[in-house]
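Input: a single structure, listed below in structure tokens.
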Amino acid sequence: MATSEIDNQSFPFGTVLTAMVTPFTEAGEVDYDVAAKLAIKLVDEGCDGLVVTGTTGETSTLTDDENIEMFRTVVNAVGDRAAVLAGSTTNDTRHSIRLSLRAKEAGVHGILITAPYYNKPSQAGVIAHVKAIVEAVDLPVMMYDIPGRTGIALSPETIIELAQIPQVIALKDAKADYQSTTTVLANTDLHVYSGDDGLTLPLMAAGAAGVVSVTAHVAAAKYRTLVDAMHAGDLATARATHFELDPIQRGIMGHIQGAVAAKYGLHWQGVLPNTVVRLPLLAPSDAELDAIRADLREGGWDL
């Protein structure tokens with residue numbers, strides 16, 4: 001296993017996390033055996049945290065029972081080698097509590113709380129949503145700020161207030177608002193994680209803990225190198241790795257939905273037996289695949 005010299009007691013969720021895809025069979029059923037193998041592979045390559053059935057895990061098209069079995073599968077596969085976070089929250093507070101309590105029973109180490117999407121509550125509503133889940137579930141929490149998907153951004157003031165809740169220990173920041181993130185880092189003790197793969201280095205320069213990545217499915221060891229170098233103050237190594245990752249990140253995140261591209265990358269690496277996704281996601285066009293392959297070849301892949 002690629003290991004980090006960082007004290008993970010300082011970062012309970014780890015520093016290099018992959019937002020895992022959910023593998024399916026050709027018939028479209030969840031393939032738990034492949035999921036277990038993928039989780040082990042990611043940890044072997046340097047991940048010390050895994051987010052299970054988040055956006056990239058196609059949580060929107062999984063049943064509650066499928067979600068829970070994915071949590072249980074990954075926890076059993078990696079044990080205490082990595083923190084397992086459950087993508088167990090939705091825009092329905094009561095449903096989020098029910099699913100998160102079941103995730104807790106399945107043994108997860110924490111939960112990812114996404115800002116409620118579609119119904120677009122006020123900032124006060126978001127705070128009340130988080131507090132209700134935390135009070136009922138009592139697990140460590142990573143907040144997830146991704147306005148491009150939820151339709152609402154968490155204000156720095158909201159995040160700072162949520163950071164005063166003892167169980168809220170981390171933030172996945174996919175807002176691409178460096179000033180907002182700087183304000184949060186300056187005024188909280190939250191472990192902030194880049195939710196945009198390409199912003200890992202600049203966010204860590206401001207004090208972020210690491211990354212929750214999609215591209216790490218196919219390049220976990222490189223992210224481990226980058227993150228460890230930043231924690232060690234070795235900017236030259238971190239910057240060189242940042243540049244090495246650039247075409248791979250473009251390939252996985254720059255053309256189509258990340259879950260779809262990640263499955264193709266894993267399939268080309270021989271990790272996944274297929275590239276099946278559930279509707280409304282679709283397979284890419286030939287032109288999109290050509291663009292992805294071109295970027296990955298630039299990143300050193302033999303395709």
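Please read these numbers as outputs of a predicted model, since none were measured by experiment. Values below: all heavy atoms of this structure, side chains included; hydrogens, waters and symmetry mates excluded.
- Here CZ of Arg72 is found 8.5 Å from CD of Glu105. Values are rounded to the nearest 0.5 Å.
- Using a 4.0 Å cut-off between charged nitrogen and carboxylate oxygen, Lys37 and Asp33 do not count as a salt-bridge pair.
- Residues Arg102 and Phe71 are not in side-chain contact: their nearest non-hydrogen atoms beyond the backbone lie 4.5 Å or more apart.
- Between Glu161 and Lys131 the shortest side-chain heavy-atom distance falls below 4.5 Å.
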- prompt: Is there a side-chain contact (heavy atoms from CB on, under 4.5 Å) between His95 and Asp64 once you walk through the steps?
  reply: CA-CA 10 Å; His95 181 219; Asp64 283 3; 2.9 Å; yes
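- The number of heavy-atom neighbours closer than 6.0 Å to CZ of Arg297, taken from other residues, nucleotides and ligands shown, is above 12.
- In the hydrophobic clustering of ILVMFWY residues, with side-chain heavy atoms under 4.5 Å counting as a link, Val130 and Ile127 come out together.
- At a threshold of 4.5 Å between non-hydrogen side-chain atoms, the residues Tyr32 and Met70 count as touching.
- In this structure, the side chains of Val276 and Thr25 stay at 4.5 Å or more apart for every pair of heavy atoms.
- Using a 4.5 Å heavy-atom threshold, the side chains of Leu266 and Thr275 count as separate.
- Residues Leu190 and Met143 are not in side-chain contact: their nearest non-hydrogen atoms beyond the backbone lie 4.5 Å or more apart.
- More than 12 non-hydrogen atoms from other residues, nucleotides or ligands lie less than 6.0 angstrom from NZ of Lys41.
- Looking only at side-chain heavy atoms (C-beta outward), Asp80 and His109 come within less than 4.5 Å of each other.
- Side-chain contact of Ser88 with Ser100: a donor-acceptor pair under 3.5 Å is present, judged by distance alone.
- Side-chain contact check for Thr18 and His217: no donor-acceptor pair (N or O, by modelled atom type) lies under 3.5 Å.
- Counting heavy atoms from C-beta on, the side chains of Val51 and Tyr144 never come closer than 4.5 Å.
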message: The test is side-chain contact (heavy atoms from CB on, under 4.5 Å); show your working for Asp295 and His255 and say whether it passes.
response: CA-CA 10 Å; Asp295 284 335; His255 302 285; 2.5 Å; yes
